[in-house]
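Every number for a ligand or one of its atoms is a count from 1 in the order of the listing. Quick note: residue numbers are just sequence positions, from 1.
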Amino acid sequence: MQSDKKINKSVNKVPVREQAPDKRNKNFEEVCLGYNSDEAVEEALRCIECGLCRKGCPVEIDITSFIQYIKEKKFDEAIKKIKESNALPGICGRVCPQETQCEELCPKGKKGDPVAIGKLERFVSDYEMEHSKEEKLKITQNNIKVAVVGSGPAGLTCAGELAKKGYSVTIFESFHSFGGVLRYGIPSFRLPRDILDREIENIINSGVKIIPNVLVGKSLTLQDLMDDGFKSIFLAVGAGLPIFMNIPGESLNGVCSANEFLTRNNLMLAYEKNAETPIRTESPVIVVGGGNVAMDAARAAKRLGAENVIVVYRRTEKEMPARVEEVHHAKEEGIEFHFLTNPLEIIKDENGWIKEIKCIKMELGEPDDSGRRRPVPIKDSEFTMKANTYIVAIGQKPNPLISRSMPELELSKWQTVNVDENMMTSMKGVFAGGDIVTGAATVISAMEMGKKAAVGIDNWLQTKS
Ligand code: FAD
Ligand code: SF4
């Protein structure tokens with residue numbers, strides 16, 4: 001049913017305001033400024049209410065209904081509708097890879113731009129932050145204690161869902177600050193900290209307790225938690241261990257993982273003057289990889305003052321796993337890309353610092369297991385490039401700390417935790433979800449698993465006795 005007389009038939013989405021590239025590449029303020037209410041209504045009016053997009057959203061937001069409320073300028077109703085399915089809308093509206101999820105299924109995308117679902121989601125979330133107060137839910141407590149390990153999107157979502165059902169939920173987090181990769185990985189120019197703080201605060205206000213500085217597996221064991229009366233445990237510890245290429249020179253001065261680089265910047269605030277945990281960005285900065293992590297590291301290095309930042313990727317732009325918007329923004333900000341190039345060795349100067357890298361040219365061969373064409377080295381095409389900083393961003397895997405402290409936990413060959421259809425691990429009452437189960441994935445897939453685990457935990461606790 002199309003209820004609005006004034007339909008926006010444009011094939012292009014309403015343009016989104018952004019900071020100018022030559023200004024934003026020198027600050028950590030948000031790049032995308034989002035829609036105002038008139039722009040949001042105009043964009044919402046492009047929606048033809050087919051409902052197909054919902055199938056592309058892992059947490060199944062009723063997208064058509066929330067967009068309908070925006071058309072009617074009922075923004076409070078729109079955010080309520082989103083929150084029926086998603087507790088972190090300001091975050092997802094900003095960082096979800098919409099082009100391969102909800103927006104991919106929008107028929108408008110066949111002849112132009114899909115409806116900007118993510119931008120509309122962030123608009124209503126920001127509107128709520130500015131104009132209204134989060135309503136406190138009335139919850140009847142059941143006094144059953146559940147522990148969640150890790151405060152990333154999987155842990156926060158599971159905790160929030162269980163608190164709504166009346167459980168007494170405590171999240172244990174190893175860092176001093178909450179949010180997981182949302183805090184220490186994704187920089188503030190993509191996800192402002194006030195948005196992150198507010199959405200975590202909403203989860204805390206729903207009755208969840210978060211305890212920082214507890215490394216489960218070291219400072220507390222799972223047995224300690226069980227002895228303390230926790231009846232079920234959800235492991236949401238992510239996949240935070242960086243993968244290196246294992247080429248000569250990776251332990252030289254001036255070489256680090258993107259994980260370390262971004263954590264120093266985002267969590268330890270290395271961008272502030274006189275920061276206690278400084279960071280090296282001596283140019284040229286080489287970033288190896290083609291995902292969101294590589295884009296974030298390169299763009300952060302630029303903002304930290306590096307004049308010349310080069311992303312080196314072994315396939316072509318088409319195969320890059322990074323979000324299209326991030327690659328586009330990186331290019332606008334002056335990041336250089338060397339495609340079909342792979343590093344072979346990092347070469348040191350007389351003081352043990354990196355001075356250049358030896359690379360080889362690649363070409364694309366047959367598709368590999370991921371379906372992408374395999375990069376193949378071109379014989380005798382080696383060359384060297386000057387490099388003063390080198391950041392490795394080729395992937396992350398699970399940290400073995402938890403699994404070492406729980407030998408009964410069944411793992412896959414990739415060291416991820418195996419779970420059944422209810423997200424329960426091989427240990428009764430211990431559930432897992434997010435990157436620790438899938439390997440490095442996305443915020444919304446971690447949230448989807450957090451929601452599913454909350455249902456699994458609830459069913460298990462209600463039926464086991
Ligand atoms: P995490 O977010 O990793 O959280 C795990 C938490 O557990 C952490 O806070 C950690 O400190 C804590 N922890 C670990 N071990 C212990 C322990 N033993 N005891 C207590 N606490 C522990 N996805 C997108 O959808 N869009 C993006 O744009 C995007 N960009 C990204 C950029 C970067 C730089 C990175 C690294 C990832 C990005 N991702 C993106 C991926 C996404 O952030 C992750 O898939 C998601 O955060 C996984 O959520 P999680 O809850 O499973 O784990
Ligand atoms: Fe799209 Fe992500 Fe929002 Fe779902 S949560 S509607 S996938 S932007």
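Among protein heavy atoms, atom 38 (C) of ligand 1 sits closest to Val181 CG1, 3.9 Å. Looking only at heavy atoms of the protein, atom 7 (O) of ligand 1 is closest to Gly150 CA, 3.2 Å. For atom 53 (O) of ligand 1, the closest heavy atom belonging to the protein is Gly238 CA, 3.3 Å. Nearest protein heavy-atom neighbour of atom 21 (N) of ligand 1: Ser174 N, 3.1 Å. Here the protein heavy atom with the shortest distance to atom 1 (Fe) of ligand 2 is Cys102 SG, 2.3 Å. What sits closest to atom 4 (Fe) of ligand 2 on the protein, heavy atoms only, is Cys57 SG, 2.4 Å. Considering only non-hydrogen protein atoms, atom 16 (C) of ligand 1 sits nearest to Val237 CG1, 3.6 Å. Of all protein heavy atoms, the one closest to atom 7 (S) of ligand 2 is Gln101 NE2, 3.3 Å. Ranking the protein heavy atoms by distance from atom 28 (O) of ligand 1 puts Arg190 NH1, 2.8 Å first. Scanning all protein heavy atoms for the shortest distance to atom 31 (C) of ligand 1 gives Ile186 CG1, 3.7 Å. For atom 11 (O) of ligand 1, the closest non-hydrogen atom on the protein side is Glu173 OE2, 2.6 Å.
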Exercise for the section: Just do the salt bridge (charged side-chain N to carboxylate O under 4.0 Å, His left out) check on Asp458 and Lys164 with the steps written out, would you? Expected result: CA-CA 11 Å; Asp458 183 37; Lys164 277 198 262 172; over 6 Å; no
Problem - Chi angles and distances behind the salt bridge (charged side-chain N to carboxylate O under 4.0 Å, His left out) call for Lys26, Glu333 - result: CA-CA 9 Å; Lys26 296 172 196 68; Glu333 288 164 15; over 6 Å; no
Handout entry: salt bridge (charged side-chain N to carboxylate O under 4.0 Å, His left out) between Arg94 and Glu30, worked out
Key = CA-CA 10 Å; Arg94 286 172 167 84; Glu30 189 170 20; 2.8 Å; yes
Practice task
Walk me through it: do Thr263 and Phe261 pass the test side chain to side chain contact (heavy atoms under 4.5 Å, CB included)?
Solution key: CA-CA 6 Å; Thr263 305; Phe261 185 83; over 6 Å; no
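The heavy atom nearest to atom 5 (C) of ligand 1, considering only Pro153, Cys92, Gly450, Ala236, is found in Ala236. The option with the heavy atom closest to atom 25 (O) of ligand 1, from among Val443, Leu191, Ile211, is Val443.
Nearest heavy atoms, Gly51 versus Thr64: CA-OG1, 3.3 Å. Looking at every heavy atom in both residues, Ser10 comes nearest to Lys108 through O-NZ, 3.9 Å. Minimum heavy-atom separation, Gly160 to Val208: N-CG2, 4.1 Å.
Remark: distances from the non-hydrogen atoms of Asn399 to ligand 1 are all 4.0 Å or more. A heavy-atom separation below 4.0 Å is not found between Ala440 and ligand 1. Not a single heavy atom of Glu326 sits under 4.0 Å from any atom of ligand 1.
Applying the 4.0 Å criterion to heavy atoms of Asn86 picks out, from ligand 2, the atoms 5 (S). Every atom of ligand 1 with a heavy atom of Asp296 under 4.0 Å away is listed here by number and element: 32 (C), 33 (C), 34 (C). Contact atoms of ligand 1 toward Gly434: 52 (O) (distance under 4.0 Å to a heavy atom of the residue). Distances below 4.0 Å separate heavy atoms of Glu121 from the following atoms of ligand 2: 3 (Fe), 5 (S), 6 (S), 8 (S). For ligand 1 and Leu215, the ligand atoms under 4.0 Å from any heavy atom of the residue are 17 (C), 18 (N), 19 (N). For ligand 1 and Val149, the ligand atoms under 4.0 Å from any heavy atom of the residue are 19 (N), 20 (C). For ligand 1, the atoms lying closer than 4.0 Å to a non-hydrogen atom of Gly180 are 2 (O), 4 (O), 8 (C), 9 (O). Which parts of ligand 1 touch Phe172 is read off a 4.0 Å heavy-atom cut-off, strictly below it: atoms 20 (C), 21 (N). Below 4.0 Å from some heavy atom of Ile444 lie the following atoms of ligand 2, by number and element: 5 (S). Atom numbering of ligand 1 starts at 1 in the shown order; those under 4.0 Å from a heavy atom of Gly152 are 2 (O), 4 (O), 6 (C), 51 (O). Near Phe175, the atoms of ligand 1 lying under 4.0 angstrom from a non-hydrogen atom of the residue are 11 (O).
Close N/O approach between Arg323 and ligand 1 is not found [any backbone or side-chain N/O within under 3.5 Å]. Distances between N or O atoms of Ala154 and those of ligand 1 include at least one value under 3.5 Å. The N/O atoms of Ala441, backbone and side chain alike, include one that comes under 3.5 Å of an N/O atom in ligand 1.
Glu128 has a carboxylate O that lies under 4.0 Å from a charged side-chain N of Lys83, or vice versa, which qualifies the two as a salt bridge. Under a 4.0 Å N-O distance rule, the pair Glu49/Lys71 qualifies as a salt bridge.
Taking 2.8 Å as the threshold, Cys96 counts as a candidate ligand of atom 2 (Fe) of ligand 2, since one of its N, O or S atoms lies below it.
Of the options Lys55, Glu448, Arg54, a side-chain contact (heavy atoms from CB on, under 4.5 Å) to Glu60 is made by Arg54 and by none of the others.
Between the side chains of Tyr313 and Asn342, no donor N or O sits under 3.5 Å from an acceptor N or O. For the residue pair Ser426 and Glu410, no side-chain donor N or O sits within less than 3.5 Å of a side-chain acceptor on the partner.
Taking the six-membered ring where tryptophan is involved, the planes of His131 and Tyr127 are essentially parallel, since the angle between them stays under 30° and well short of 60°.
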